[in-house]
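Chain A is the first sequence line, chain B the second, and so forth, proteins listed ahead of strands; every chain is numbered from 1.
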2 protein chains.
Amino acid sequence: MVTIYDIARKLGLSAATVSRVVNGVDHPVSERTRRRILDTAGEMGYRPNTIAKSLSRGRTQTIAILLPSITNDFYTQFVDVVENKISGAGYSTFLCNTHRDISRETAWIGTLIERRVDGVVFCPTRVKPGDNAQNLNNVRELSRHGVPVVAIGSHFGAVSQVYVDTYEGSREAVEYLLTLGHRRIGFIDGLSAGTSRRRFRGYADALKKHGITPDPLFQVHGDLSFESGRQCALRLLREASPSAVFAVNNNMAVGVLEAAREQKIQVPGQLSVIGFDDSPVSQMVYPRLTVVRQPLEEIGKAVLGLLSEAIEGKNAPRVIRLKPQLIRRDSCAPEPERRGQARIRF
Amino acid sequence: MVTIYDIARKLGLSAATVSRVVNGVDHPVSERTRRRILDTAGEMGYRPNTIAKSLSRGRTQTIAILLPSITNDFYTQFVDVVENKISGAGYSTFLCNTHRDISRETAWIGTLIERRVDGVVFCPTRVKPGDNAQNLNNVRELSRHGVPVVAIGSHFGAVSQVYVDTYEGSREAVEYLLTLGHRRIGFIDGLSAGTSRRRFRGYADALKKHGITPDPLFQVHGDLSFESGRQCALRLLREASPSAVFAVNNNMAVGVLEAAREQKIQVPGQLSVIGFDDSPVSQMVYPRLTVVRQPLEEIGKAVLGLLSEAIEGKNAPRVIRLKPQLIRRDSCAPEPERRGQARIRF
DNA sequence: CTGAAAGCGCTTACAG
DNA sequence: CTGAAAGCGCTTACAG
């Protein structure tokens with residue numbers, strides 16, 4: 001590999017001068033030597049060594065995206081927009097996948113500190129009850145070592161956060177179903193340790209506001225997979241016969257569609273369905289899913305903004321709140337009639 | 001940030017000794033000083049600086065995955081398994097997304113050379129006719145700078161390759177349809193500049209073997225999206241009335257399902273459908289798609305094996321061939337009857 | 001306009 | 001068992 005010294009030697013110049021011109025630094029250099037340097041750099045196939053630059057500058061121009069899963073549609077789309085903005089800002093990005101294993105998250109933290117990344121986009125991994133506490137430890141560990149962090153969704157003390165008001169999104173979705181006349185509304189939750197509690201509260205509050213007491217019979221827990229959505233729906237259909245179902249993600253909502261099909265229940269004729277997030281699959285199924293969409297482009301912009309602030313050290317950590325949006329497609333319809341009145345419990 | 005010098009100074013030792021023990025190098029050190037160093041390293045919260053290590057060792061322990069799109073299910077799954085193996089081998093991975101833009105691929109090449117990555121997993125971006133030539137240039141550029149490369153799918157001179165025999169997979173899928181009695185088999189291709197020519201040849205050869213001359217009327221081009229699959233299917237249905245359709249990816253195959261639904265054509269009763277790759281969506285639609293699956297786990301293993309060889313410089317570049325597998329699910333059935341005999345052209 | 005020199009934080013052959 | 005020193009490839013304040 002050719003270095004600035006090779007160029008300097010060949011031209012009888014100093015490395016300092018070569019460094020200045022190849023970096024386009026604002027520093028007076030005669031036009032002639034500039035040309036000579038640029039030319040021979042080209043001829044020799046010179047490529048600056050980013051590692052050496054990083055060491056002397058104390059900056060790596062590198063950002064990590066730490067997340068629970070890359071095969072989950074939400075994160076895939078998240079990575080797509082965030083990575084795009086990161087590289088647009090002149091950084092490279094380390095992809096750090098925990099595979100929903102908190103111990104791998106913790107391991108990544110160490111690696112990222114040692115790699116001296118300039119910042120990390122932190123999507124906490126939490127599936128088990130204790131995970132949340134470990135997330136906090138991990139964020140603190142980064143902060144202790146001076147690594148700027150922006151957290152997605154969850155709040156971790158003195159660190160910036162982009163927060164999508166899933167409570168509000170959830171509430172709106174259920175409001176919508178209520179407006180359509182539904183009163184028997186099932187809720188398919190995710191892992192209990194996850195952030196879906198906010199989604200549940202939005203659901204519950206909407207019901208209460210309309211004088212309906214949330215009934216545990218209408219609430220089931222899945223694991224975010226298609227198959228679990230199907231199972232949950234089957235159970236709801238059997239035990240609560242809802243006229244509408246709200247699921248906390250898309251895969252499970254699609255599972256609901258499948259369960260309905262198996263039970264010969266028409267969607268949306270006999271059963272309305274709403275999902276959360278807006279993955280491509282939501283428009284590839286029949287009927288196309290009505291969903292609560294998280295504003296990915298805005299999220300990406302917020303993430304980069306907050307991260308830049310944190311890196312520059314200009315502003316104090318802060319949180320940017322974003323609102324999800326209800327996208328009405330074809331999976332919802334007015335409640336058909338008050339079938340099964342006798343079994344209504346609320 | 002605390003350095004080995006800080007530890008050395010505090011203990012009245014040399015940086016060399018500290019370096020040796022914190023790295024667990026095989027070099028005699030008294031048990032006492034080892035303990036002292038380890039203890040104070042712990043107390044001081046010492047973290048080795050990977051950047052400095054990289055510079056002095058001439059190795060960055062970093063691998064890049066360069067790909068056309070991260071929102072495409074195939075690449076998402078590919079990244080999931082490959083990144084997992086890469087980090088398992090002690091490397092971190094740079095995610096380099098070209099967004100199907102060849103000029104961004106070229107830009108990444110420069111960045112990766114300058115970052116001195118230890119290797120790159122190269123999934124060529126090609127959508128336009130000229131892209132292929134640029135892919136070759138890019139691979140050569142990496143090689144010229146001594147960066148080990150393993151290419152996926154395409155062949156690029158003196159560089160290792162993992163090759164999935166999509167010709168064979170395609171041929172088998174069409175054989176299967178022929179076995180079911182289908183003779184009017186539509187083919188939905190991707191971008192013409194892509195690798196799907198091999199898939200087309202598999203299709204064409206299977207037909208010929210059964211005495212059927214491939215008819216251009218049965219061949220249409222989509223852009224790999226769901227919507228284009230739908231459009232292509234609509235056109236095929238209108239102009240060629242096939243009894244089976246084979247699409248070169250899953251999204252388009254799902255689009256075929258949607259088109260059939262709109263036209264009140266039963267799948268698989270009146271139309272059989274096969275897709276390529278095996279994305280999660282293929283099992284979330286109705287009916288579940290029969291597909292040609294690429295063996296991701298094996299691909300991942302092959303990639304890492306080849307990359308290791310290239311990094312160690314032990315073996316000459318070589319290619320590992322893998323075979324896709326036909327996964328029979330619910331979207332295919334025997335050809336119902338010879339409807340529309342009069343219009344058969346072959 | 002150009003350069004000498006120290007520094008970034010580590011590794012490692014060479015001595016002792 | 002321990003250390004002095006050079007080297008990895010840059011940057012940049014300081015001189016001239």
Is the distance from OP1 or OP2 of [N] to the nearest side-chain N or O of [X] less than 4.0 Å?
X       : N      : value
B/Ser54 : C/dC10 : no
A/Asn23 : D/dC10 : no
B/Thr33 : D/dT2  : yes

Any donor-acceptor N/O pair, A/Gln61 side chain to A/Gly90 backbone, under 3.5 Å: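 Between the backbone of A/Gly90 and the side chain of A/Gln61 there is a qualifying donor-acceptor contact (under 3.5 Å).
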Indicate yes or no for a side-chain donor-acceptor contact from A/Thr60 to the backbone of A/Arg116 under 3.5 Å, with no hydrogens or angles considered. yes
Any [X] side-chain heavy atom under 4.5 Å of [Y] side chain:
X        : Y        : result
A/Thr3   : A/Asn49  : no
A/Leu296 : A/Phe74  : yes
B/Thr125 : B/His99  : no
A/Pro124 : A/Phe156 : yes

How close or far is atom [atom2] of [N] from atom [atom1] of [X], stated in whole angstroms?
X        : N      : atom1 : atom2 : answer
B/Arg32  : D/dC1  : CZ    : C1'   : 13 Å
B/Ile4   : C/dC8  : CD1   : P     : 12 Å
A/Arg115 : C/dC10 : CZ    : P     : 15 Å
A/Asn49  : D/dG9  : CG    : C1'   : 6 Å
B/Gln61  : C/dT11 : CD    : P     : 12 Å
A/Ile37  : D/dC10 : CD1   : P     : 13 Å
B/Glu114 : D/dC10 : CD    : C1'   : 13 Å
A/Ile51  : D/dT11 : CD1   : P     : 13 Å

Kindly compute the distance separating CG (A/Leu322) from OH (A/Tyr163), expressed to the nearest 0.5 Å. 11.5 Å
Sidechain N-carboxylate O distance under 4.0 Å for B/Lys53, A/Glu114: no
For A/Arg59, which contact category applies under a 4.0 Å heavy-atom criterion: base, sugar-phosphate, or nothing? nothing
Just to be sure I understand the rule, does A/Leu13 reach a base, reach only the sugar-phosphate, or reach nothing, if contact means heavy atoms closer than 4.0 Å?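 Sugar-phosphate: the residue A/Leu13, judged by heavy atoms under 4.0 Å, touches backbone atoms but no base.
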Which residue lies toward the 5' end of DNA chain D, A/Tyr5 or B/Gly12, if each is placed at its nearest nucleotide?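 Of the two residues, B/Gly12 wins.
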5' precedence on DNA chain D between B/Glu31 and B/Ala52 (nearest-nucleotide basis): B/Glu31
Which helical stems does DNA chain C take part in, if a stem means at least 3 consecutive Watson-Crick or G-U pairs with both distances below 3.5 Å? C:1-3 with D:14-16, C:5-12 with D:5-12, C:14-16 with D:1-3
Using distance alone, with no hydrogens and no angle criterion, decide if A/Arg115 and B/Ser92 have a side-chain donor and acceptor under 3.5 Å apart.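 Yes - a donor-acceptor pair under 3.5 Å links their side chains.
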Passing candidate, side chain to side chain donor-acceptor pair (under 3.5 Å) with A/Glu105, options A/Asn97, A/Asn137, A/Asn138: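 Checked A/Asn97, A/Asn137, A/Asn138 against A/Glu105; only one passes side chain to side chain donor-acceptor pair (under 3.5 Å): A/Asn138.
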Output the single nucleotide from D/dA4, C/dC8, D/dC10 whose closest atom is nearest the side chain of A/Leu55.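 Among D/dA4, C/dC8, D/dC10, the one nearest the side chain of A/Leu55 is C/dC8.
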Name the pairs: protein N/O against N/O of nucleotides 12-16 of chain D, kept only if under 3.5 Å.
{"from": "D/dA13", "atom 1": "N6", "to": "A/Arg20", "atom 2": "NH2", "distance (Å)": "2.8"}

